[in-house]
Amino acid sequence: MRRVYTIGEILIDFFPSEIGVPLKEVQGFTKQPGGAPANVAVTVSRLGGNASFIGKVGQDAFGDYLTDVLKQNQVDTRHLFRTAEANTALAFVSLQENGEREFSFYRNPSADMLLDKEELNELVFTAADILHFCSVDLIEAPVKYAHLAALEKMQQAGGTIVFDPNVRLNLWPDPEMLKQTIQQFLPYADILKISDDELAFITGMDSEADGIAALLKTEPKLLIFTKGSKGADLYFKGEKASVAGISVKAVDTTGAGDSFIGAFLYQIAGKADWEECSLDEIREMGLFANRVAALVTTRPGGMQSIPTLQEVLSLEV
C-alpha cells in the first residue's frame, strides 16, 4: 500500500444545533474536526491505507485537539507544525434541510496559512507516493509557496499529484484571483477532481461539454467529474466511464467530496501502477468512492462521519 500525503488546511468546523436555520439565527454549535485535506487523509486511513498530513495549527487548545484527532485516526503527523503567530482556523456552518451548507470562516490569518516552505526541507517523497492538495491554501500567504515546494518535490520524485480545487469563494478577496490561481495549478495534476458546481467557474465555459474539454486540455491522466447525488464521470485514456449516484437520505453533505477522492486515492494507493488500470477498474474505483461519499452524507459532522472499510462493504444499495 503506497502512502497518500495531503497538504493544506485543518480546522475546526462548528456545526449548528438546528437544521434549516440561517447562520445568523443559529443558537448553538458543536465543534468537529475539518478541513478538506485533513478529511481526505482520515478517509484513506479509516479505509485501511497509509496517510500523512502536511500542515500547521496554532499553539492553542484547538490545535491540540486536531493533532489528537489525526493521531487517533492513525494519520502520520510528522509534518504537522505548530505556531504561536496565529490561531487554528475556525469555520461556522449552517445546514439546510437537504444537507447543503453555508460557511463563515475565521482565518485572517489562521495558523494553516503560515506553513513555510522551509519547514518542508526534510520532506522526502518517492515515486510510489501520492500528494493531494486543494485551492483554499493557495491564497497569497506562505502556505502557497509551501505547496509549490511540495509539488516540485513530488514531480522530481515521479509520484502522483492530485488536485481537488474545492472552491471556497468567501475565502478569497477576489473571485478572479481564485480562478487564475486554480488555472495556474491545473497543469500539476496527474489526477484532477472537479465538482459540477465548480466547472463553469474554473473553466469559464457555460456548457458541461465545453468545460470538460477545457480541463482535458490541461492533460490530467485521470479527470474525475463529480455530480453529487447524480454520481460521477471518469475520463481516462481518452475514454469515459460513468457511475450512477446512490439514493440515500442526506442530512449533511460536509466532507462528501473529500471522502469521495479519499476513497479513490485509497484504491489508487493499492495498485502497483494505477496508470495501467483498465477503464473498468477505474469505474469500479468510482463505484466504491461513491458508496463512501453516500454514507458520509447520511451522518452529521464531516470528518466524524467518514466510515470504515467494513461499514462501506456492509452498505446495501
Side-chain angles (χ1 to χ4, degrees), residues 4-11 35-41 52-56 79 89 105 107 109-110 112-120 123 125 129-205 211-226 235 257-258 260-262 264-265 268 275:
V4 177
Y5 290 83
T6 71
I7 183 171
E9 74 278 8
I10 184 169
L11 50 83
N39 288 339
V40 172
S52 295
F53 179 76
I54 306 167
K56 184 172 275 190
H79 306 291
F105 291 90
R107 58 193 307 263
S110 51
D112 57 291
M113 297 168 66
L114 301 184
L115 180 67
D116 192 275
K117 64 180 182 179
E118 301 299 327
E119 293 173 299
L120 305 188
L123 181 63
F125 296 127
D129 293 330
I130 299 165
L131 176 63
H132 165 282
F133 73 106
C134 301
S135 72
V136 166
D137 269 358
L138 299 182
I139 195 85
E140 193 59 39
V143 69
K144 175 180 179 179
Y145 301 95
H147 274 68
L148 285 167
L151 292 169
E152 287 164 9
K153 279 176 179 277
M154 186 59 86
Q155 281 190 327
Q156 291 167 5
T160 299
I161 295 175
V162 184
F163 186 22
D164 176 2
N166 197 36
V167 172
R168 293 288 180 265
L169 285 169
N170 55 347
L171 290 178
W172 289 71
D174 175 21
E176 188 60 30
M177 182 190 300
L178 172 56
K179 179 189 293 188
Q180 290 177 3
T181 300
I182 290 172
Q183 291 175 347
Q184 172 193 347
F185 279 82
L186 287 176
Y188 283 101
D190 297 304
I191 299 175
L192 177 62
K193 175 194 168 291
I194 299 282
S195 67
D196 53 356
D197 58 357
E198 297 170 334
L199 184 66
F201 172 77
I202 292 171
T203 65
M205 304 291 182
I212 294 295
L215 292 177
L216 290 173
K217 286 181 181 177
T218 67
E219 300 185 340
K221 295 169 183 173
L222 170 62
L223 171 61
I224 301 172
F225 181 56
T226 58
Y235 297 83
D258 306 332
F260 183 99
I261 190 62
F264 215 103
L265 297 184
I268 290 284
E275 294 180 44

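Just so you know, residue 1 is the first one in the sequence shown, and it goes up from there.
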Problem - Side-chain donor/acceptor of K56 to backbone N/O of L114, under 3.5 Å - result: yes

Practice task
Not counting sequence neighbours, which residues clear salt bridge (charged side-chain N to carboxylate O under 4.0 Å, His left out) with E140? List them please.
Solution key: K144

Exercise for the section: Answer yes or no: is there a side-chain heavy-atom contact under 4.5 Å between L131 and D129? Expected result: no

Practice task
Find the distance between CD1 (I212) and OH (Y235) and round it off to the nearest 0.5 Å.
Solution key: 4.5 Å

Fill in the blank from the handout: In this structure, OH of Y145 is separated from CG of L151 (nearest 0.5 Å) by 13.5 Å

Fill in the blank from the handout: Of all heavy-atom pairs linking A89 and L11, the shortest is O-CB, 3.3 Å

Fill in the blank from the handout: Sorted by chain and residue number, the ring pair (Phe, Tyr, Trp, His ring centres under 6.0 Å) partners of F53 (sequence neighbours excluded) come out as none

Fill in the blank from the handout: The side-chain hydrogen bond (donor to acceptor under 3.5 Å, both in side chains) partners of D197 (sequence neighbours excluded) come to S195

Practice task
Check whether any side-chain heavy atom of F264 lies under 4.5 Å from a side-chain heavy atom of I191, and answer yes or no.
Solution key: no

Problem - Results of salt bridge (charged side-chain N to carboxylate O under 4.0 Å, His left out) for E198 - residues two or more places apart only - result: none

Problem - Side-chain heavy-atom pair L215, L199 within 4.5 angstrom cut-off - result: yes

Handout entry: Spacing of H132 atom NE2 and L265 atom CG [to the nearest 0.5 Å]
Key = 6.5 Å

Practice task
Indicate yes or no: at least one non-hydrogen side-chain atom of I54 is less than 4.5 angstrom from one of L115.
Solution key: yes

Problem - Pairwise distance CD1(I268) to CD1(I261) - rounded to 0.5 angstrom - result: 8.0 Å

Handout entry: Counterpart residues, ring pair (Phe, Tyr, Trp, His ring centres under 6.0 Å), relative to Y5 (two or more places apart)
Key = F125

Problem - Distance, nearest 0.5 Å, that separates CG of N166 from CG of D258 - result: 5.5 Å

Exercise for the section: Return the set of residues passing ring pair (Phe, Tyr, Trp, His ring centres under 6.0 Å) with F105 (not counting sequence neighbours), or none when no residue passes. Expected result: F103

Problem - Short side-chain to backbone donor-acceptor contact, T160 and I130, under 3.5 Å - result: no

Handout entry: salt bridge (Lys or Arg N to Asp or Glu O under 4.0 Å) pairs, two or more places apart, involving residues 154-165
Key = D164-K193

Donor-acceptor pairs under 3.5 angstrom involving side-chain atoms of residues 177-188: please list them, not counting sequence neighbours.
unit_1: Q180; atom_1: NE2; unit_2: E176; atom_2: OE2; d: 3.4
unit_1: T181; atom_1: OG1; unit_2: M177; atom_2: O; d: 2.8
unit_1: Q183; atom_1: NE2; unit_2: I202; atom_2: O; d: 2.8

Problem - salt bridge (charged side-chain N to carboxylate O under 4.0 Å, His left out) against D190, all qualifying residues, sequence neighbours excluded - result: K221

Problem - Test item: I139 and L171 side chains (from C-beta on) under 4.5 Å apart, heavy atoms - result: no

Handout entry: side-chain contact (heavy atoms from CB on, under 4.5 Å) against A189, all qualifying residues, sequence neighbours excluded
Key = F163, L192

Exercise for the section: Check whether any side-chain N or O of T6 sits under 3.5 Å from a backbone N or O of P37 as a donor-acceptor pair, and report yes or no. Expected result: yes

Handout entry: With D112 via salt bridge (charged side-chain N to carboxylate O under 4.0 Å, His left out) - residues at least two apart
Key = R107

Practice task
Quick one: which residue pairs count as a side chain to side chain donor-acceptor pair (under 3.5 Å) with a foot in residues 146-156, not counting sequence neighbours?
Solution key: none

